[in-house]
2 protein chains.
Amino acid sequence: MSKVNLRPAATMFPLPVMLITCVDASGKPNIITLAWVGMVNSVPPMVSISIRPGRYSHGLVKASQEFVVNIPSEEMIGKVDLCGVVSGREVDKFSETGLTPVPAQEVSSPLIEECPVNLECKVKRIIPLGSHDLFLGEIVVIHSDDTVLKEKGLIDIAKALPVAYCAGARQYWSMGKMLGWYGFTKGRL
Amino acid sequence: MSKVNLRPAATMFPLPVMLITCVDASGKPNIITLAWVGMVNSVPPMVSISIRPGRYSHGLVKASQEFVVNIPSEEMIGKVDLCGVVSGREVDKFSETGLTPVPAQEVSSPLIEECPVNLECKVKRIIPLGSHDLFLGEIVVIHSDDTVLKEKGLIDIAKALPVAYCAGARQYWSMGKMLGWYGFTKGRL
């Protein structure tokens with residue numbers, strides 16, 4: 001084995017794959033699939049999503065200053081891919097996918113009912129980086145299906161069945177096996 | 001099934017689990033495991049990492065303005081967990097884990113040899129968010145083991161075997177099966 005150089009690019013994996021919902025000025029909802037998504041802060045809980053300025057959802061999130069992060073399950077992978085490759089300017093993605101918009105509590109963007117976890121977010125800051133603008137959003141409400149909840153408000157990943165995007169491979173992957181709990185080593189090998 | 005509310009928190013999954021290397025002023029290297037990591041921009045390629053100001057690595061990255069993102073494999077999960085729960089102030093994590101530091105090209109922070117992919121990054125911006133500071137880093141060099149490379153510079157995920165952290169469950173998970181390539185639906189179900 002030896003190390004070789006690759007051209008600097010988005011070679012990071014695994015990444016989240018999230019269905020982001022947003023609304024236009026009339027309240028009509030849209031969906032965009034994003035993998036340039038991450039947790040960025042714990043107190044207050046904040047996420048980041050990066051969107052190209054040319055994408056239809058970019059203008060919607062910028063104007064409304066809000067969005068919902070919907071965590072899809074692996075059986076939805078076709079719908080997840082579709083929402084990443086067609087534009088809301090031409091296609092009503094809720095009609096096209098059959099996904100169900102349900103009202104959120106604190107934002108106008110809908111939750112996607114079929115996604116087991118939904119995070120309502122309000123935009124706190126927009127940072128232009130080049131090809132993408134970085135939206136920093138505070139999580140104001142979290143919804144979870146009762147069917148994927150375990151004791152203590154923890155999520156049962158074996159039921160939620162989330163999807164990862166492996167940039168560098170351009171592939172979606174399911175979760176495999178649970179390798180351990182955070183802190184399982186107690187700091188010793 | 002019905003939706004229930006959870007307290008706003010870092011309930012997002014899957015997330016990357018990365019070993020971030022950095023150096024102190026004398027060149028002594030440290031490792032910190034982070035899951036608050038993501039891709040944020042494509043041109044130029046940029047990543048974000050969030051670190052609490054109290055963590056030892058925070059001061060190192062802030063002072064040196066650089067870091068390396070090392071992508072671990074599932075067999076390293078114990079070392080990954082250890083580097084997230086002990087402090088570089090008290091423990092030499094390279095000695096403790098037996099991981100091997102090798103020189104990078106453009107930064108002083110070392111690569112971790114055992115990690116199949118390594119991203120050398122230079123800090124472009126630091127944004128305080130509350131509990132964490134968000135470091136935005138440009139990827140300047142990427143290294144890959146030749147053993148995990150496929151044609152066209154793509155990564156073979158079944159060989160790299162990366163790990164996801166499922167916040168909301170507090171668990172590390174391996175990858176399962178490949179669900180599809182980006183764009184596999186060609187925009188149609």
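Owing to the predicted nature of the structure, the values given are computational and were not obtained by experimental measurement. Order of the sequence lines fixes the chain letters, A, B, ..., with proteins taken first and strands second; residue numbering starts at 1 for each chain. Quick note: numbers below take in every heavy atom, side chains included, and nothing from hydrogens, waters or symmetry partners.
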Exercise for the section: Answer yes or no: does atom NZ of B:Lys159 have more than 12 heavy-atom neighbours from other residues, nucleotides or ligands under 6.0 Å? Expected result: no
Exercise for the section: Tell me, yes or no, whether the heavy-atom count around B:Arg89 atom CZ, taken from other residues, nucleotides or ligands under 6.0 Å, exceeds 12. Expected result: yes
Handout entry: Worked check of side-chain contact (heavy atoms from CB on, under 4.5 Å) between A:Asp81 and B:Tyr182
Key = CA-CA 7 Å; A:Asp81 186 66; B:Tyr182 170 74; 4.2 Å; yes
Does the side chain of [Y] come within less than 4.5 Å of [X]'s, by heavy atoms?
X        : Y        : value
B:Leu179 : A:Glu74  : yes
B:Val4   : A:His143 : no
A:Ile77  : B:Phe184 : yes
A:Pro14  : B:Pro162 : yes
B:Thr185 : A:Val85  : yes
A:Met18  : B:Met12  : yes
A:Lys3   : B:Ser144 : no

Using non-hydrogen atoms and a 4.5 Å limit, figure out which bit of [X] sits close to chain A: side chain, backbone, both or neither.
X        : answer
B:Ile49  : neither
B:Lys79  : both
B:Val140 : backbone
B:Ile71  : side chain
B:Val47  : side chain
B:Leu134 : side chain
B:Glu138 : neither
B:Arg52  : side chain
B:Asn118 : side chain

Between [options], which has the largest tally of heavy atom pairs under 4.5 Å with chain B?
options                                : value
A:Thr33, A:Ile127, A:Thr97             : A:Ile127
A:Gly183, A:Ser50, A:Ser131            : A:Ser131
A:Ile157, A:Leu154, A:Asp133, A:Leu136 : A:Ile157
A:Val17, A:Val80, A:Ile139             : A:Ile139
A:Ser48, A:Ser42, A:Ala10, A:Pro116    : A:Ser42
A:Leu6, A:Thr11, A:Leu111              : A:Leu6

Problem - Taking every non-hydrogen atom, the tightest pair across B:Pro16 and A:Pro16 - result: CD-CD, 4.3 Å
[X] portion near chain B, given a 4.5 angstrom heavy-atom threshold:
X        : answer
A:Leu149 : side chain
A:Leu129 : both
A:Met178 : both
A:Val148 : neither
A:Val69  : side chain
A:Cys121 : neither
A:Arg188 : backbone
A:Val86  : side chain

Taking a hydrophobic cluster as the set of Ile, Leu, Val, Met, Phe, Trp and Tyr residues connected by side-chain heavy atoms closer than 4.5 Å, whether directly or through intermediates, do [X] and [Y] fall within one such cluster?
X        : Y       : result
A:Phe13  : B:Val68 : no
A:Val102 : A:Leu19 : no
B:Val123 : B:Trp36 : yes
A:Ile126 : A:Leu60 : no
B:Ile20  : B:Tyr56 : no

Name the option with the most non-hydrogen atom pairs under 4.5 Å to chain A; the candidates are [options].
options                             : answer
B:Gly153, B:Pro44, B:Ala164, B:Ala9 : B:Ala9
B:Gly38, B:Gly84, B:Gly130          : B:Gly130
B:His132, B:Glu96, B:Lys186         : B:His132

Handout entry: Identified side-chain hydrogen bond (donor to acceptor under 3.5 Å, both in side chains) partner of B:Ser2 from the options A:Asp146, A:Asp145, A:Thr147
Key = A:Asp146
Practice task
Could you grab the distance from atom CZ of A:Arg7 to atom CD1 of B:Ile142, nearest 0.5 Å is fine?
Solution key: 8.0 Å
Fill in the blank from the handout: Within residues 166-177 of chain A, the residues sitting under 4.5 Å from chain B by heavy atom, in sequence order, are A:Cys166, A:Gly168, A:Ala169, A:Arg170, A:Gln171, A:Tyr172, A:Trp173, A:Ser174, A:Met175, A:Gly176, A:Lys177
Exercise for the section: Evaluate the criterion side-chain contact (heavy atoms from CB on, under 4.5 Å) for residue pair A:Met39 and B:Val37; output intermediate values, then yes/no. Expected result: CA-CA 7 Å; A:Met39 282 302 309; B:Val37 174; over 6 Å; no
